[in-house]
Amino acid sequence: MSLDLGVIGNGTIAGLINSRGDYQWFCLPRFDGQPVFNQLLGGHGRFNVWMEGLAKRSQAYDRNTAILRTRMESEDGAIVEIVDFAPRFEHKGRMFRPASVVRRFEVIAGSPQLRISMRPETDWGGRQLRPIRGVNHVRFVDDEFAFRVTTDAPVSYILSETTFILDRDTTFVLGADESLTDSPGVIARDWEERTRQYWAKWARSLAVPFEWQEEVIRAAITLKLCVFEETGGIVAALTTSVPEHEGSSRNWDYRYCWIRDAYFTVTALNRLSGMGTLEHYMRWVRNIVAHSKGGHIQPVYGIGLEADLSEDMAPNLPGFRGMGPVRRGNQAAEHVQHDVYGQVLLGVAQSFFDKRLLSQPGIAEFEQLEPVGERAFAVYDTPDAGIWEFRTIAHVHTSSAIMCWAACDRLARIAESLGLEARQEYWSERANIIHATILEKAWNPEIGAFTAAFGGEDLDASVLLMAEIGFLPASDERYIGTVNAVDRDLREGNHVYRYKVEDDFGKPKTAFTACTFWFIDALYRVGRVDEARAMFESVLAARNHVGLLSEDVDPETGELWGNYPQTYCMVGIINSAALLSKPWAAVT
């Protein structure tokens, strides 16, 4: 079991598939639903393909799309290609993105012999869903949901898991428990072509840098797959409980919307001119702010704005490589994390300035956001769980204070753009107070760096973001000193740790890839451009075979760990490429 997995999706559901054509993870009816195919975490729920005499296999995306193609070749020269995708295209004036996936088998050469096994589970691995056979379909019905797999393959062979010769192209359509309007082959071909056109058109609209275009486009498409378009919520990753390192018990459910992760995602897509995500996310955030009524905002919510994400264990799943526990829900929803207020404002600030948006916010929306700033000013110098969500440790975290400054600073900028002079002065004054406090209490002259917490001595890579959000210019000697300190103490080879002190689970043993990207960007900003480029190329080389990254990487082995694919990392590819690339003007 590894994270060498391709990802398909459409803004409603997503699936993870390995290079043998086996579904490793697929939840219904949405990202955070029941994992009906759950082999990633040691379950028996599967949609697998076995090929007689398999000799070679490969997997790649069709260019600039989320259509995944898995090629399998047997010892006798038979070749079959499996085309997997989730339909997504405009239809009758709206986006068609059903909780459906399509799987097509194309015979390329010879007479491939295949065995197809389809055994979905429910109750988090607690029981197998009983198949109900139809003439050309199989129904799977549960108390919470139902779905149907319609196929032009022999249903008897599928249910008995019999090996058979594939002598013609064959299709499976997994979707709603209802009849298709045409044969699965005709529908699949139509959906595939329209889905291909959608993704190609979307990728064509991106303002990509000159260098690393393919890497950036793949990262952008992957981010798009993590947006639950119905509400605008953005999941941190599509999986739960892939451990941060072997035997760590650092197994978390990331299928929810962290406001900070969503902020980074929206910002990265904005930089590529993918403005639709900002408009969706703005609606999601406005609902969060309205629900908070000027008080506490949780760091994470469900993609449907669910506030209760109570965490428990799924005892029927042994976990990734048997490394449980498998968690569903996330206790972080109960945490106090003050950085959230800044990330709310950072995530939506551009919408007040960008004239391209179909609907631009104004004074009413600004007034709705002001209580977020009030809350930030009230708590910026009080302890919280911090960006890394310590479960039993509370400090006045520098990164949280910086984000509280950002909340007030962005409100001041928005007020100025709206011609609200008195409010601009009000928020500027508060931002200045927070700024002065951070400079006084977070700077440690003895180590020559900003520390993780006020009055502390430990380092935290998240403070590197202060230059990106404008807290200090990168030319400031204190920022340069912080970059040097992180280089000295948190870097191993071309990978950077979040921190190296003990937390609730001991010392981290893997690097946090988002921090590596933050450090790359910091190197660029302080003028160490050649180092930044070399480090960026090294991290790109750590991606899996389809160009994706998980949360963590082992600096010694290069193996990927943690939930997958992680939006933080896809954001890092986009942001670093934009900084480091040669300008188009230099080559055209």
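Below, all heavy atoms of this structure are taken into account, side chains as well, without hydrogens, waters or symmetry copies. Sequence positions, counted from 1, serve as the residue numbers for this chain.
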Can [X] and [Y] be counted as having a side-chain donor-acceptor contact under 3.5 angstrom?
X: N484; Y: R528; answer: yes
X: D339; Y: S399; answer: no
X: W388; Y: D460; answer: yes
X: Q424; Y: R413; answer: no
X: N563; Y: T239; answer: yes
X: E389; Y: W252; answer: no
X: N494; Y: S538; answer: yes
X: E537; Y: W212; answer: yes
X: E531; Y: Y524; answer: no

Is there a donor-acceptor contact under 3.5 Å from the side chain of [X] to the main chain of [Y]?
X: R327; Y: N251; value: yes
X: D32; Y: R255; value: no
X: N287; Y: R283; value: yes
X: N544; Y: L548; value: yes
X: R491; Y: G493; value: yes
X: S351; Y: V348; value: yes
X: T398; Y: A442; value: no
X: N444; Y: E457; value: no

Looking at side-chain heavy atoms only, is the closest gap between [X] and [Y] below 4.5 Å?
X: L464; Y: V483; value: yes
X: V289; Y: R286; value: no
X: V344; Y: L369; value: yes
X: C408; Y: I434; value: yes

Heavy-atom closest contact ([X] atom, [Y] atom, distance):
X: I387; Y: S462; answer: CG2-OG, 3.8 Å
X: I469; Y: A406; answer: CD1-CB, 4.1 Å
X: A485; Y: A449; answer: CB-CB, 3.7 Å
X: A474; Y: V526; answer: O-CG1, 3.8 Å
X: C569; Y: L549; answer: CB-CB, 3.8 Å
X: V326; Y: G319; answer: CG2-CA, 3.6 Å

Please name all residues satisfying salt bridge (Lys or Arg N to Asp or Glu O under 4.0 Å) with R533, sequence neighbours left out, ordered by chain then number.
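E211.
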Kindly indicate, with the supporting measurements, whether the criterion side chain to side chain contact (heavy atoms under 4.5 Å, CB included) is fulfilled by L472 and F450.
CA-CA 12 Å; L472 278 182; F450 287 98; 3.7 Å; yes
Residue pairs fulfilling side chain to side chain donor-acceptor pair (under 3.5 Å) with at least one residue in residues 292-305, sequence neighbours excluded
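As it turns out, there is no side chain to side chain donor-acceptor pair (under 3.5 Å) pair with a partner in residues 292-305 once direct neighbours are skipped.
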Taking the six-membered ring for Trp and the full ring for Phe, Tyr or His, determine whether the centres of Y254 and Y568 are under 6.0 Å apart.
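Centroid distance Y254-Y568: not below 6.0 Å, so no.
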Taking the six-membered ring for Trp and the full ring for Phe, Tyr or His, determine whether the centres of W258 and Y263 are under 6.0 Å apart.
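Ring centroids of W258 and Y263 are no less than 6.0 Å from each other.
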Under 3.5 Å, side-chain donor or acceptor atoms of residues 370-383 against the rest of the protein: list the pairs with distances, not counting sequence neighbours.
from	atom 1	to	atom 2	distance (Å)
E370	OE2	R423	NE	2.8
E370	OE2	R423	NH2	2.8
E370	OE2	W427	NE1	2.8
E374	OE1	Y426	OH	3.2
E374	OE2	Y426	OH	2.6
R375	NE	Y341	OH	3.2
Y380	OH	T437	OG1	3.2
T382	OG1	H338	NE2	2.9
T382	OG1	V379	O	2.7

Could you please spell out the steps behind the side chain to side chain contact (heavy atoms under 4.5 Å, CB included) verdict for Y564 and L238?
CA-CA 6 Å; Y564 172 89; L238 295 169; over 6 Å; no
Yes or no on side-chain hydrogen bond (donor to acceptor under 3.5 Å, both in side chains) for S400 and D384, after CA distance, side-chain angles and deciding distance?
CA-CA 8 Å; S400 295; D384 73 342; 2.7 Å; yes
Report, as yes or no, whether the 6.0 Å neighbourhood of atom CD on E214 holds more than 12 heavy atoms from other residues, nucleotides or ligands.
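No, CD of E214 has 12 or fewer neighbouring heavy atoms, counting only those of other groups under 6.0 Å.
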If you count every heavy atom of other residues, nucleotides or ligands that lies below 6.0 Å from Q360 atom CD, does the total exceed 12?
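Yes - once you tally the heavy atoms of other residues, nucleotides and ligands closer than 6.0 Å, there are more than 12.
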Using the side chain to side chain donor-acceptor pair (under 3.5 Å) criterion, which residues pair with E492? Sequence neighbours excluded.
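K500.
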Output all residues satisfying side chain to side chain donor-acceptor pair (under 3.5 Å) with S248, sequence neighbours left out; order by chain, then residue number.
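Testing S248 for side chain to side chain donor-acceptor pair (under 3.5 Å), a comparison that skips the adjacent residues, returns none.
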In Å, rounded to the nearest 0.5 Å, how long is the span from [atom1] of [X] to [atom2] of [Y]?
X: E559; Y: S2; atom1: CD; atom2: OG; value: 7.5 Å
X: I303; Y: W284; atom1: CD1; atom2: CH2; value: 10.0 Å
X: L420; Y: I414; atom1: CG; atom2: CD1; value: 10.5 Å
X: L459; Y: I447; atom1: CG; atom2: CD1; value: 5.0 Å
X: E311; Y: T240; atom1: CD; atom2: OG1; value: 8.5 Å
X: I480; Y: S475; atom1: CD1; atom2: OG; value: 6.5 Å

Does this structure show an ion pair linking K509 with E556, if we count only N-O contacts that are shorter than 4.0 Å?
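No.
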Check ion pair D312-R328 (N to O, under 4.0 angstrom)
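Result for this pair is yes, salt bridge flagged.
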Using the ring pair (Phe, Tyr, Trp, His ring centres under 6.0 Å) rule, take H397 and F454 through it: C-alpha gap first, then chi angles, then the decisive distance, then the call.
CA-CA 6 Å; H397 289 96; F454 282 13; 9.7 Å; no
Table please: side-chain donor-acceptor pairs of residues 512-521 below 3.5 Å, with sequence neighbours left out.
from	atom 1	to	atom 2	distance (Å)
T516	OG1	V496	N	2.9
D521	OD1	S576	OG	2.7

Evaluate side chain to side chain contact (heavy atoms under 4.5 Å, CB included) for M403 paired with M466, printing each intermediate quantity in order.
CA-CA 9 Å; M403 287 299 172; M466 64 170 61; over 6 Å; no
Between V553 and T510, is a side chain to side chain contact (heavy atoms under 4.5 Å, CB included) present by the stated rule, with each step listed?
CA-CA 6 Å; V553 65; T510 48; over 6 Å; no
